[in-house]
2 protein chains.
Amino acid sequence: MKRLENDLRQCGLRVTEQRLAVYDWLRKHPVHPTADVIWQALLPENPGLSLTTVYNTVKALAEHGLIRTLNIDASEQRFDGEPADHGHFHCRLCGEITDFPIDPEDVQGMLPKGFIPEQCDVFVRGLCAGCATGKN
Amino acid sequence: MKRLENDLRQCGLRVTEQRLAVYDWLRKHPVHPTADVIWQALLPENPGLSLTTVYNTVKALAEHGLIRTLNIDASEQRFDGEPADHGHFHCRLCGEITDFPIDPEDVQGMLPKGFIPEQCDVFVRGLCAGCATGKN
DNA sequence: TGATAAATTGTAATCACTACAAACAACGCG
DNA sequence: CGCGTTGTTTGTAGTGATTACAATTTATCA
């Protein structure tokens, strides 16, 4: 937990219980939840936690690169506790979002000359392994 | 324009003036507008056109693969008249969105075994060539 | 410990988007 | 060509995720 506190401090963010709870939960759960899902998950252990605080927190964490935001659905924003570049596969049948590793250099090679990448997202829609074989 | 009519018919969509107007405009303008921007652009030539119709139309076109939807900003959905796979670069300074070609095979190679891609988006944030050299 | 600046909270507002029902128009069939 | 069916358009009213705001609380540092 000291590590998480340090992360916050190095970004100039004050360390609060709420931020630690949100940040810790995102790091420990390799899913891609909405703000509301995070809130519901934390509420039992953190009574009084406000949904607004969850929104404020994920916004602050994302602005400082500690977590990532995913615009997969148009209607709702999702968050990802793993800030390093990686791809996301969205199965159109089961809806599951699967992470996969990417090599940022591969992506960089696709860019026009002079463009400087800072963050890249590779997002693929299709059928996941389970749904493709009809096992779901 | 006959080509566009055919595209609509082959998707089982009825050919209406409104759909042709939206589709034609998206094909001719290589930008990434929101529904509202499309509406404002078409209104002078198409008085009475409803914003709801623009929303309905882009939804129908996207569902049939004639155009693409871009979830670049969390707050608003953008559309792209070019349905083939290609990447998008979003400059964090000037906000411009630049297209760049990608090889779908490169992306496919990154996927876990058994996953079947159907549509892929490569989205990169950073500095565009103009902003990187300080010329903006 | 006390000052100060930032974070939290709850409520109210915003804004992109959608549901809905009535009016209308495209397409197929005679 | 005219008619009926069915899909489309339109305006309005809603929805739901997200944010603005002001009051209260709390982290941080001297």
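Between A:Ser50 and C:dT8 there is no side-chain N or O to OP1 or OP2 distance below 4.0 Å. In this model, the phosphate group of D:dT26 is not approached by any side-chain N or O of A:Gln18 to a distance below 4.0 Å at OP1 or OP2. In this structure, A:Tyr55 reaches the D:dT18 phosphate: one of its side-chain N or O atoms is under 4.0 Å from OP1 or OP2. Phosphate proximity of D:dT28 to A:Arg9: present, with a side-chain N or O under 4.0 Å from OP1 or OP2. Taking side-chain N and O atoms only, B:Thr34 has no distance below 4.0 Å to OP1 or OP2 of C:dA16. Phosphate contact (OP1/OP2 of C:dG10, side-chain N/O of A:Thr52, threshold under 4.0 Å): absent.
Using a 4.0 Å heavy-atom criterion, one finds that B:Ser75 contacts the sugar-phosphate atoms exclusively. Residue A:Asp36 is out of contact with every strand shown, counting any heavy-atom pair closer than 4.0 Å. Among the heavy atoms of the strands lying under 4.0 Å from A:Thr53 is at least one base atom, whether or not backbone atoms are also near.
Put simply, the side chain of A:Pro104 does not reach to within 4.5 Å of the side chain of A:Pro117, judged on heavy atoms.
One interatomic measurement links the two molecules: CG of A:Leu8 to C1' of C:dA7, which rounds to 12 Å at whole-angstrom precision. The nearest whole Å value for the distance from the CD atom in A:Gln77 to the C1' atom in C:dC15 is 15 Å. Summarising the geometry, the separation between CD on A:Gln40 and C1' on D:dA17 is reported as 14 Å, rounded to the nearest angstrom. Computed from coordinates, the A:Asn56 CG to D:dT24 C1' distance equals 15 Å when rounded to whole Å. Taking atom CD of B:Glu17 as the reference point, atom P of C:dA25 lies 10 Å away to the nearest angstrom. Put simply, CG on B:Leu51 is 9 Å from C1' on C:dC17, counting in whole angstrom units. Distance CG (A:Asp73) to C1' (D:dA17): 12 Å, rounded to an integer number of Å. Rounding to whole angstrom units, NE2 of residue B:His64 and P of D:dT8 are separated by 9 Å.
A 6.0 Å sphere centred on CD of A:Glu118 holds more than 12 heavy atoms belonging to other residues, nucleotides or ligands.
For A:Asp80 and A:His88, the side-chain atoms include at least one donor-acceptor pair closer than 3.5 Å. Looking at B:His64 and B:Asp7, their side chains never bring a donor and an acceptor atom within 3.5 Å of each other. Side-chain contact annotation: B:Asp36 with B:Gln40, donor-acceptor N/O pair under 3.5 Å present.
When each of B:Arg14 and B:Glu76 is assigned the nucleotide of DNA chain C with its nearest heavy atom, B:Glu76 is the one assigned upstream, toward the 5' end.
Residue-to-nucleotide contacts include no donor-acceptor pair under 3.5 Å from the side chain of B:Arg19 to the base of D:dT8.
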